[in-house]
Visitor: 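So that we are looking at the same thing, I have put the structure below in structure tokens.
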Amino acid sequence: MIKENLLSVEQCIIEAAKKRQAAMSKKVKLIAVTKNHTVAEMREAIDAGADTIGENRVQEAWEKYGQLDRQVAWHLIGHLQTNKVKHAVKIFDFIESVDSIKLAETINKEAAKLNKIQNILIQVNLVKELSKTGIYIEDLNALLQDVDNLSSLKLQGLMFIAPNLDNLEQVRPMFKKMYTLFEKVKHLHFHNADIRYLSMGMTHDYKIAVEEGANIVRVGTAIFGPRQY
């Protein structure tokens, strides 16, 4: 079923992208979120065409990393604690959940030790949900400029997790606002940053996220089925 589910999600993304404004790129990257799913399931998804996987926890990713035996890009999409940075930098091609200068500096330090340029996104807490991490909009510009000065980081965009609401149309204005913010950030002056990605949308709301401008979506349940805890 994983192959069929993956193809179905990819088709839904194509259909949703057709509803974008004319100025928006139609290209969208799908991250197959593998939290609480087995290495065998990960291999099945990759063999069916998934080229990017997302993990929420460094420890779980570390355990799977040595077993997977597949070439694939790794994205960290969950909150990263500073004491897990050393391992995260060794595994992940992208860290999407940077939300403080302290965390950015720690990532920069560990990446430098590996002679690596670590790709990152800044996580934005748009509606100031206390249950979610992320930088508030009023603090974003300062963080963007500080991160841009860290030589072992490559800032490539923004990430957003919308509230899990029953009425999905209530999240549409949030995705619209994030796209407007993304476009604004793209036109700021940076020395090293290359702002190209807006990561937003998960299984329950990724279609709306794509319609409103996301070019990375993070989908797990719709591909792998319910997680086994």
Visitor: So, taking the atom named OH in Y197 and the one named CE in M159, what distance separates them when rounded to the nearest 0.5 Å?
Guide: 15.5 Å

Visitor: Just one of V33, L30, L6 clears the side-chain contact (heavy atoms from CB on, under 4.5 Å) bar with V219, so which one?
Guide: L30

Visitor: Would you say the ring centroid of H191 lies under 6.0 angstrom from that of H189?
Guide: yes

Visitor: Applying side chain to side chain donor-acceptor pair (under 3.5 Å) as the test, list every pair that has at least one member in residues 14-24; sequence neighbours left out.
Guide: Q11-E15, E15-K18

Visitor: Applying the side-chain contact (heavy atoms from CB on, under 4.5 Å) test to I122, which of V98, V185, D99 qualifies?
Guide: V98

Visitor: For residues D194 and Q156, is any side-chain donor paired with an opposing acceptor at under 3.5 Å?
Guide: no

Visitor: Return yes if some donor-acceptor pair links the side-chain N/O of K154 with the main-chain N/O of N192 below 3.5 Å, else return no.
Guide: yes

Visitor: M200 and L165: same hydrophobic cluster, using ILVMFWY side-chain contacts below 4.5 Å?
Guide: yes

Visitor: Membership question, hydrophobic clusters at under 4.5 Å side-chain separation (ILVMFWY): are Y179 and I195 in the same one?
Guide: yes

Visitor: Which residue pairs satisfy the ring pair (Phe, Tyr, Trp, His ring centres under 6.0 Å) criterion with at least one member in residues 48-68, sequence neighbours excluded?
Guide: W62-H87, Y65-W74

Visitor: Between CD of E183 and CG of L158, what distance do you get to the nearest 0.5 Å?
Guide: 10.5 Å

Visitor: Taking the side chain from D51 and the backbone from V72, do they hold a donor-acceptor pair closer than 3.5 Å?
Guide: no

Visitor: Using modelled atom types and a 3.5 Å cut-off, is there a donor and acceptor pairing between side-chain atoms of E60 and backbone atoms of N56?
Guide: no

Visitor: Less than 4.0 Å between a side-chain N and a carboxylate O, is that true for K207 and E211?
Guide: no

Visitor: Would you say R43's side chain and R70's backbone share a donor-acceptor pair under 3.5 angstrom?
Guide: no

Visitor: So, S199 versus E96: side-chain donor-acceptor pair below 3.5 Å or not?
Guide: yes

